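Notes follow the structure.
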Amino acid sequence: MYRYLELRLIEHLREFLARTYGLENANIVVEQPPKIEFGEYALPLAFELARKLRKAPRKIAEEIVAGVGALPGFEKFEVAGGGYINVRVNRAELAAAVADDVKPPAAIPPGKVLVEHSSINPNKAAHIGHLRNAILGDTFVRLLRVAGREVDVQNYIDNTGVQVADVVVGFMHIEQKSRAQIETLAAAPQFDYVCWDLYARVSQWYAEDKENLKVRADTLHAIEEGNNETAAIADLISVSVLKRHLETMERLDIEYDFLPRESEILHLHFWDAAFGKLKEAGVLTYEASGKNKGCWVMRRAGTSKPLTTGSTEGTGEGRTGESHEADEGGISEEDQKVIVRSNGTVGYVGKDIAYHMWKFGLLGRDFGYRKFFRYPNAHECWISTTDGERDHPHFGDVAEIYNVIDARQSEAQNTVIEALRGLGHGEAADRYTHFSYEMVALTPRCAAELGYTLSEEDKARPWIEVSGRKGFGVKADDLLDKLIASAGKEVDARHPELSAAERGEIATQIAIGALRYFMLKFTKPSVIAFDFKDALSFEGDTGPYAQYAVVRASNIFRKGGFDPSQFCRDRSGDYLQTPGKDGGGKDAASRVSTEEFAGFLGGEGGDEIWELWLAAAQTSHVVGQCIAATEPAYLAKHAFRLAQLFSMFYHRHPILSEAGEGRKRFLLTTAAVVRRELIRVLGAMGIRVPAAM
RNA sequence: GCGCCCGUAGCUCAAUUGGAUAGAGCGCAUGGCUACGAACCAUGAGGUUGGGAGUUCGAUUCUCUCCGGGCGCACCA
């Protein structure tokens, strides 16, 4: 609703500026004033216009305020400071609309969205770095769905790469295990943990003797070729570990729709289809000589073609040296990215280009599909195969894609984008977003706690990178278990009257809330230096704090013998409602009239509670910002702000003992609205609210 | 060497994407439970936003430069 008013305000001002000053399509920045008393919107517009109109900002602001005229839903415009225009909405009308959960129709872009996230190598247990990826991705999926978009969730499985090969090497050559023995191990619990340890041992084994690397090369080759014992073992391992990953993520309410695997990209010859098109478009060029002789290469993203000026690669001194590539239009060696190796095999980026052509429906080939994993809610997760089932959902062929992949791969991601552009698919390239985020590392203290001995140099570092190869890191399931145990201790102490099952359920929800919130509170470019002390905190700026606010709100209604739905509507998921119908599902006797809202929210005394209402009105606005900026952290901020404002409100206004009938109804409505919004925001973060805390 | 990211309170992070007096949490000090359960609230101390220059009416935000840190730059994925 807040968002809708903002759009109306912008539109209205644009019209006014065009009419009055002849300014078309002026860029109008809208923000919130620093204090609630100043109004709901602030416009620094006059500062921007000062130069164009050659007038003092304050003068312009006065003109705008005088001439802008009335706008439904708004109370007044006023000049503040050196030329700000502060805008006041009609509080009572907005509050009534929020209580009724009015959702003005919003334009939803056409087409499906594909979000790729998790994409964990299926050769070892998931760790905290993977958790950040999955939680960011899953939250973004939820945000898109809240905004009314149709979303496919994909988890790309690299089941034929070196990482899986390494574990195969470990079982076959170090452990000397037979296929049947591995099968037994894979069927037992925590197979991913077994692989975690083995993977670290294999890395060590390679380091001991370089000859051992030959085994890896042979194994990798056999896996890629398929139809042999080694490939069968690799498949057994990758599928079993993948199942474990799905189970781990399911603990956090993270689900996928489709698991495309690299093996099918190879066996269904996706690359052949892409290769032809890439050669034809001149995206790939053959190197007949030099370092990359015999390879098909592509220009590395971020390197630009030197046009008239020579490259910096001078032959001697000075800057007059001629470019090595200008004559032939070729790419200098250091700007080349090898896509097809001289032995004819295709590398990772090549496979990724083909995969992304498929995503946009540009490849002309499709996967085979088979059901793979059924979630308790009956949701079906599909996996790629060569020969699939006849009936399956239609995947791929989407309008927009988001790839949740850490920042270290931004160059590879950009190279794929440039390949699409080079193929003439500029529109697709523009709707390809690398959802980039920084890694999760460990603080030196945390590393020491885990029993790793650190060099003096490491101790001085701000963080130490997690390394699967070294087996160095915190496993996802271990962290979750720790969080549940810690939350459980608190729940047991606070609610001895509840059954063990109920307490376990609450502890789990708190643990998930703490973990998901923790991973979302940092903005994407910030490295998370992980520490158990911070992650296990349930106080302050944390998930449990926000959950607790909702529990307290619920307790008011429970103790008072009310139902929150008496006081406010909830049209979640109802996209076709007819706005403006008063009363709706609400209890008529509990309804606060617009006149009453005006009384309680008006004047200076109303500011404090109004601030809470305004924040509650902003959820869809925040959701829009999160999507536009691909930044779920704004959502966590919003949840915290709502919870914090509610906690203050809760302390200052004892509701059930309120003597005034009208005021009590108003306070209950306030609590009901904030509760609804907090549940909604936490829901978008994948956090549920426990029955008690 | 080239490219990308980061540097804000003791610590961990925000700052509406260029706007009004730079805000939170943790920690520290003090105070508040016969309860709509304190996983909470209130009060306080704590800042030359790494240094410098520039653009702008206005810079934590943009540009340049220096300092410090991180990550990329394989015929790996």
Side-chain angles (χ1 to χ4, degrees), chain A residues 29-35 38 42 44 46-48 50-51 56-57 80-84 86 121 158 161-163 220 262 291-295 297 300-303 312 334-335 337-343 345 347-349 351-352 406-412 414 436 438-439 441 443 461-463 465 487 490-491 494-495 510 514 521-523 525-529 531 533-534 537-542 544-545 547-549 551-560 621-622 625 628-629 631 633-634 637 640-641 644 647-648 650-658 667-668 671 692-693:
Chain A
V29 177
V30 182
E31 39 193 78
Q32 213 186 123
K35 281 184 179 169
F38 295 166
F47 298 109
E48 201 142 340
R51 161 170 297 187
Y84 277 94
N86 289 336
N121 269 306
D158 178 10
V162 278
Q163 297 217 21
L220 188 57
E262 189 172 81
K291 186 179 94 174
N292 296 324
K293 183 178 174 185
C295 299
V297 304
R300 199 182 286 289
T303 65
T312 53
E334 62 176 20
D335 290 349
K337 173 68 200 169
V338 171
I339 304 297
V340 181
R341 303 177 188 114
S342 57
N343 66 5
T345 59
Y348 159 79
V349 176
K351 283 177 261 188
D352 223 23
D406 78 72
R408 286 172 288 195
Q409 294 199 47
S410 64
E411 193 180 287
N414 288 332
S436 168
E438 269 295 349
M439 62 185 169
T443 61
R461 287 175 185 274
W463 62 74
E465 204 172 332
E490 288 293 319
V491 177
R494 288 162 203 246
H495 296 284
I510 292 171
K521 70 191 270 194
F522 302 92
T523 54
S526 170
V527 175
I528 298 181
D531 199 304
K533 180 176 72 68
D534 299 331
S537 167
F538 299 148
E539 287 164 19
D541 187 7
T542 66
Y545 174 87
Q547 290 173 314
Y548 186 57
V551 169
R552 293 170 115 189
S554 299
N555 285 345
I556 298 171
F557 293 99
R558 190 168 42 77
K559 289 257 166 138
H621 179 252
V622 173
Q625 285 183 319
E631 184 48 274
Y634 299 158
K637 252 293 157 291
F640 181 61
R641 187 173 141 74
Q644 203 175 35
S647 294
M648 286 186 230
Y650 179 93
H651 267 271
R652 283 181 205 165
H653 307 282
I655 296 176
L656 294 179
S657 57
E658 170 61 45
L667 295 176
L668 282 164
M693 277 181 83

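Nothing here was measured: the structure is a model prediction, and the numbers come from that model. Numbered from 1 within each chain, the chains take letters A, B, ... in sequence-line order.
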Between A:I655 and A:A671, the two heavy atoms sitting closest are CD1-CB, 4.2 Å
Need to verify one output field. Residue with the more 5' nearest nucleotide on RNA chain B, A:K35 or A:F538? A:K35
Could I get a table of every N or O pair under 3.5 Å where one atom is in the protein and the other is in nucleotides 69-72 of chain B?
unit_1, atom_1, unit_2, atom_2, d
B:G70, OP1, A:R461, NH1, 2.9
B:C71, OP1, A:E465, OE1, 3.2

Contacts of type ring-ring contact (aromatic ring centres under 6.0 Å, His included), residue A:F538, not counting sequence neighbours: none
May I ask you to say what A:H495 touches in the nucleic acid, namely base, sugar-phosphate or nothing, with a heavy-atom cut-off under 4.0 Å? base
When we call it a touch if two heavy atoms are under 4.0 Å apart, what does A:Q547 touch: a base, just sugar-phosphate, or nothing? nothing
So which nucleotide from B:C75, B:C40, B:C26 ends up closest to the side chain of A:K533? B:C26
Which whole-number value in Å describes the distance from A:K337 NZ to B:A74 C1'? 7 Å
Salt bridge (charged side-chain N to carboxylate O under 4.0 Å, His left out) filter on A:R300, not counting sequence neighbours, yields A:E411
With the side chain defined as heavy atoms from C-beta on, A:I655 is closest, among B:A77, B:C36, B:A20, to B:C36
Separation of the P atoms in B:A59 and B:A38, to the nearest angstrom: 45 Å
Using atom P of each nucleotide, how far apart are B:C2 and B:C64 to the nearest Å? 14 Å
For B:G25, does either OP1 or OP2 sit under 4.0 Å from a side-chain N or O belonging to A:Q644? yes
Quantified in whole Å, what is the C1' atom distance between nucleotide B:A20 and nucleotide B:C4? 34 Å
Atom-pair distance (CZ on A:F522; P on B:C11), nearest Å: 15 Å
Pairwise P distance, B:C28 and B:C71 [rounded to whole Å]: 33 Å
What's A:A671 touching, base or sugar-phosphate or nothing? Going by heavy atoms closer than 4.0 Å. nothing
Ignoring hydrogens and geometry beyond distance, is a side-chain donor-acceptor pair present between A:N555 and A:R558 at under 3.5 Å? yes
Determine the interatomic distance between C1' on B:G18 and the same-named atom on B:U56; round to the nearest Å. 9 Å
On a whole-Å scale, what distance lies between the C1' atoms belonging to B:A9 and B:G46? 6 Å
NZ of A:K291 versus P of B:C73: gap in Å, rounded? 12 Å
Closest approach of A:Q644 to A:Y545 (non-hydrogen atoms, all atoms of both residues): CA-OH, 3.1 Å
Which one is paired to B:G25, where only Watson-Crick or G-U wobble pairs with both distances under 3.5 angstrom count? B:C11
Can you check the A:F640 CZ to B:C13 P distance for me, whole Å? 16 Å
Among the nucleotides B:A20, B:U16, B:C75, which one has an atom lying closest to any side-chain atom of A:Q625? B:U16
Side-chain N or O of A:K637 versus OP1/OP2 of B:U16: is the shortest distance under 4.0 Å? no
Is there a side-chain contact between A:Y548 and the phosphate of B:A39, meaning an N or O under 4.0 Å from OP1 or OP2? yes
Polar pairs (N or O, both sides) under 3.5 Å between protein and nucleotides 55-57 of chain B?
unit_1, atom_1, unit_2, atom_2, d
B:C57, OP1, A:R51, NH2, 2.9

So, the side chain of A:D158 versus the backbone of A:G161: is there a donor-acceptor pair under 3.5 Å, distance only? yes
Ignoring backbone atoms, test whether A:R641 places a side-chain nitrogen or oxygen under 4.0 Å from the OP1 or OP2 oxygen of B:A24. no
What's the gap between B:U8 and B:G23 when it is taken at their C1' atoms, as a whole Å value? 11 Å
Check nucleotides 28-33 of chain B against the protein and report each pair of N or O atoms closer than 3.5 Å, with its distance, or say if there are none.
none

Please report the distance, rounded to the nearest Å, between CG in A:D335 and P in B:A74. 11 Å
With distance as the sole test, does A:N414 use its side chain to make a donor-acceptor pair with the main-chain N or O of A:S410 at under 3.5 Å? yes
From the set B:A77, B:A15, B:G37, return the single nucleotide nearest to any side-chain atom of A:N555. B:G37
A:K351 side chain to A:E262 backbone, donor-acceptor under 3.5 Å: no
side-chain contact (heavy atoms from CB on, under 4.5 Å), paired with A:V297, selected from A:D335, A:I339, A:V338: A:V338
Less than 4.0 angstrom from a charged side-chain N to a carboxylate O is my criterion; do A:E465 and A:R408 meet it? yes
Taking B:C73, B:C41, B:A20 as options, the one with an atom nearest any side-chain atom of A:R300 is B:C73
Considering all heavy atoms, the nearest A:L668-A:F557 contact: O-CZ, 3.3 Å
Does B:C41 have OP1 or OP2 under 4.0 Å away from a side-chain N or O of A:Y545? yes
Partner set under ring-ring contact (aromatic ring centres under 6.0 Å, His included) for A:F38, not counting sequence neighbours: none
Whole-Å distance, A:D541 CG to B:A14 C1', equals 9 Å
Nearest listed nucleotide, side chain of A:T523, among B:C13, B:A24, B:A39: B:C13
Should the pair A:K533-A:D531 be classified as a salt bridge under the 4.0 Å nitrogen-to-oxygen rule? no
In whole angstroms, the gap separating C1' of B:A77 from CG of A:D158 amounts to 6 Å
Return yes if some donor-acceptor pair links the side-chain N/O of A:H495 with the main-chain N/O of A:M693 below 3.5 Å, else return no. yes
Let's test this: given Watson-Crick or G-U wobble pairing with both distances under 3.5 Å, identify the partner of B:C2. B:G72
Base, sugar-phosphate, or nothing for A:Q32, non-hydrogen atoms under 4.0 angstrom? base
Residue-phosphate contact under 4.0 Å: A:N343 side-chain N/O, B:C75 OP1/OP2: no
Expressed in whole Å, how much space separates the P atoms belonging to B:A39 and B:A22? 34 Å
So, for A:A42 and A:P44, which heavy atoms are closest and what is the spacing to 0.1 Å? O-CD, 3.8 Å
Here the distance between atom P of B:C73 and atom CG of A:N292, to the nearest Å, is 15 Å
If you find the nucleotide of RNA chain B closest to A:R494 and the one closest to A:V29, which residue's nucleotide is nearer the 5' end? A:V29
With respect to the side chain of A:S647, which nucleotide from B:C13, B:U16, B:C40 is positioned closest? B:C40
